[in-house]
Every structure is written in structure tokens, then in C-alpha cells.
There are 2 protein chains.
Amino acid sequence: MAVMDSAVAREQALDAAEELFYGRGVQAVGMDDIRGASGVSLKRLYQLFPAKEQLVEAYLERRDVRWRNRLAAFVARREDPRERILAVFDWLEEWFGEDGFRGCAWINSYGELGATSPRVAAQVRAHKDAFRAYLAGLVADAGLPGALAGQLFLLAEGAMVTAGITGQTGPAREAREAARLLVRAG
Amino acid sequence: MAVMDSAVAREQALDAAEELFYGRGVQAVGMDDIRGASGVSLKRLYQLFPAKEQLVEAYLERRDVRWRNRLAAFVARREDPRERILAVFDWLEEWFGEDGFRGCAWINSYGELGATSPRVAAQVRAHKDAFRAYLAGLVADAGLPGALAGQLFLLAEGAMVTAGITGQTGPAREAREAARLLVRAG
DNA sequence: ACCGTAGGAGAACGCTCGTTCTCACGTCAA
DNA sequence: TTGACGTGAGAACGAGCGTTCTCCTACGGT
């Protein structure tokens, strides 16, 4: 492969890392697999990410930004504050239906590495906190009681985990219906 | 260690497997760790479980039986059918508060091995199906609409995952409150 | 044109770990 | 007593993989 700008190589490495780590699990993917899929040489990889764990962290961080941006962009298309809350679950359904969907990357990573890598565990907690805070914002904007946010969060987490395990999109609709009832009750 | 009955050795191996696999993750625990913690020699271990994957399967299967029995025994103490539904979440709170709680063993195992071990993935699905069916039974006994079972299931899964990641018991109470509202609405 | 440097390909190193093998010992049947 | 057998302790084997090193090529500045 020809000489390549560092920023480009970094993105290609992260593209490969995301596809492989998410699809097969972190531990099942070697640095050599990343090289093969990205075309970035091992030497370059280790210049950009001095150890595999740092590549994992960078993968989770980039995915976190993208994931939350995609969600927020989808939700922002709705006007009504209560509709926005339900739109979260509509977006989950879209996500669950994508090719290669294999559950929540953070939940999976936590199961794989949470017990052995404090840094990954902290990143998972940060991601989930950010998602919960986002939901709390939507709930506040709709003038609904704060306790609702935690309940919606649990529904969304349950849907992610269940969709990941079963490979079906149905959990998103079930969660949406439960959310609708809770919003109405709130 | 003295000569040991096979059944006893098997239980000791599974005791060690459960403690270590659950506490540290499957991949972070070697067969030698199992030997050290159980006192069962490697030769014996491989007689009882011809490969590590079979030890993992036996661990998940024994834990599945015990987990569901514990839950059912706790719930059965309540008389009122609707109270029984809420008791599921009371039991979750107890479970989350136990020493060494580190989330749902099946969700964690799925994150770790779901992509690489079809047998483990199938066991996770079977466990979750059984839990969902149990909830559906409680819902039917209470004369509530069947759709409620899926919603309660998602709340419970969300609570497990969130309690595992945060190490707190609060998600059980949040899920219980949401369940109470959904039961009342149903 | 020439040299210093960066980069790519891939071999090599060292460690971990699943699995098997060796060997010595104790037990029990004949 | 003897010898076949099962067992425990632990060495050994072989593969996988994170990480580093070697060697060679190509390019950029002077």
C-alpha cells in the first residue's frame, strides 16, 4: 500500500476495528486481522495505537460519538416533545434491523472486558450515562416527571440486549409500546 | 488430594467454574485456574469435561436451573397474582445486592462468546426464553394481557444490564415502579 | 545522484493457554 | 507379592497472538 496520510490510516484502522471488534468480539480479533482488513501495516498500527487496548478504546469512543449523533439527528426530526421520546424507540427499531446488527457494542464489550479492563468498563459507564442523560433531557423537555427517564432507559437497554440475543427487531416495538403507556401515565 | 468420587469432583469443578467464569469472564480464566480453585486435577477435569467449552456449557446450565429455581421460590411466597409479578423485581433487587454480583451471567457470556460459540449463544437464548415464558405465566395467572409479559421482560433485562454495569441496585426499583404502572394500565 | 529516513512486508520473540503426556505412587485382584 | 490400573502433579507440546525487529524499497532534500 502506498504512503498514506496518518489521519487516513487512523480512520481506516478504526473502520476495520469497528467492523471486526463489533462483529466478532474484541478478543476474537487479532491485530493481524486489523492489518489485513484495513491495509494499515502493523508498524503503522502500533505508531497510531501503542497497544491493542488503546485501539479498542478509540473504537468505542468514535462509535459512541457517531451512535449518539445518529440517534439525536433522528429524534430531532420530530416536533412534539412526547413524539420525540417515542422516536427513540423508532430509531432503535431501525438500528436493530440493520445488516450486521449484533447488539449494543458497549454491553457486549462490558461482558467481554468489563471484569479485566477498568478503562473499557469506565467507557461503557460513560456511554450509558450519556444516553441516560439524553433521555432525561427529552423527558424534561416534555414536562414529564424525572423518574420516567430511568424507566425509559431500562426499556431501551432491555430492548438492545434482547434484540442482540434474538436478532429480531420486535423488542423495539414492545419497548415503544411500554414507553407510550408510561408517558401517558406520567 | 485424595481419591475423589466423580460426582463430587464434578460439583467442585463446577463450583470453581461458576465463581471464576462469572467473576472474571470465561476467557480470562484458564483450565489451570479451575484446577487450582477446585482441587480437581487437570486429568480429572478433562475426563469430566472433554473441552473447556463443555465446562462452560455445564456451568451455564447448572446456573440456569438454580437461578430460575431461586426466582420461582421467592415469587411463590406471594399470594396475589399481581404481587407475584412485582415480586420478580423485588428478587432482582436482592440479587443485585449480593456480594460479587456482576450482571447477568448469560448476557455477559453472550457478549463474550455469542459471536464465536453457537452453542453458548443457543444456551443464552434458551435461558432468556425460559425467563420470558415464566413471566408470561405470571401475567396469564393475573388475567393480564399477554403483551405485558414482553414489556416486563424488557424492564427486567434492562435492570440486569444496568445493575451489572453500574454495580447499583437502584435499577431494580426503577423497573419495579415501571412494572407497577404497566400492570395497573393493563 | 546520494544519503537519511520512513514505511511496508513479514519473520521473530515471548507469553498464555488449551490439551496431552510422563512418571511415580497407591490400590486392589489374583 | 505382583502386576495392571487409575490418579495426581506437573512438565511438555502446539497454537494463537500481542508486540517488536529485520530487511528492503522508495522517496525527499541537497
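Contact annotation: B:Q27 side-chain N/O to C:dT16 OP1/OP2 distance is not under 4.0 Å.
If you measure from atom OH of B:Y46 to atom C1' of D:dG6, you get 19 Å, rounded to the nearest angstrom. Atom C1' of nucleotide D:dT7 and atom CZ of B:R35 are separated by 13 Å, given to the nearest angstrom. Going from atom CG of A:L113 over to atom P of D:dG18 covers 12 Å, rounded to whole Å. Atom CG of B:D32 is separated from atom C1' of D:dA9 by 11 Å (rounded to the nearest Å). Here C:dT19 presents its C1' atom at 15 Å from CG of B:L48, a figure rounded to the nearest Å. Rounding to whole angstrom units, CZ of residue A:F49 and P of D:dC17 are separated by 20 Å. Distance, B:Q12 CD to D:dG8 P: 11 Å, rounded to whole Å. In this structure, B:R44 atom CZ and C:dT20 atom P are separated by 17 Å, rounded to whole Å.
Positionally, the nearest nucleotide of DNA chain D for B:Q47 lies more toward the 5' end than for the other of A:A51 and B:Q47. Mapped onto DNA chain D by nearest heavy atom, A:P50 and A:A28 fall at different nucleotides, with A:A28 at the one closer to the 5' end. Toward the 5′ end of DNA chain C lies the nearest nucleotide of A:S41, the other residue of the pair B:G30 and A:S41 mapping further downstream.
Base engagement by B:K43 is indicated by at least one non-hydrogen atom pair under 4.0 Å involving a base atom.
Distance check: B:L181 CG to A:L181 CG gives 10.0 Å after rounding to the nearest 0.5 Å.
In the model, A:R44 has a side-chain atom that pairs as donor or acceptor with a side-chain atom of A:S6 under 3.5 Å.
Tested against A:S117, the residues A:E53, A:Q123, A:E112 include a single side-chain hydrogen bond (donor to acceptor under 3.5 Å, both in side chains) partner, A:E53.
Salt bridge A:R84/A:D80: absent, no basic N to carboxylate O contact under 4.0 Å.
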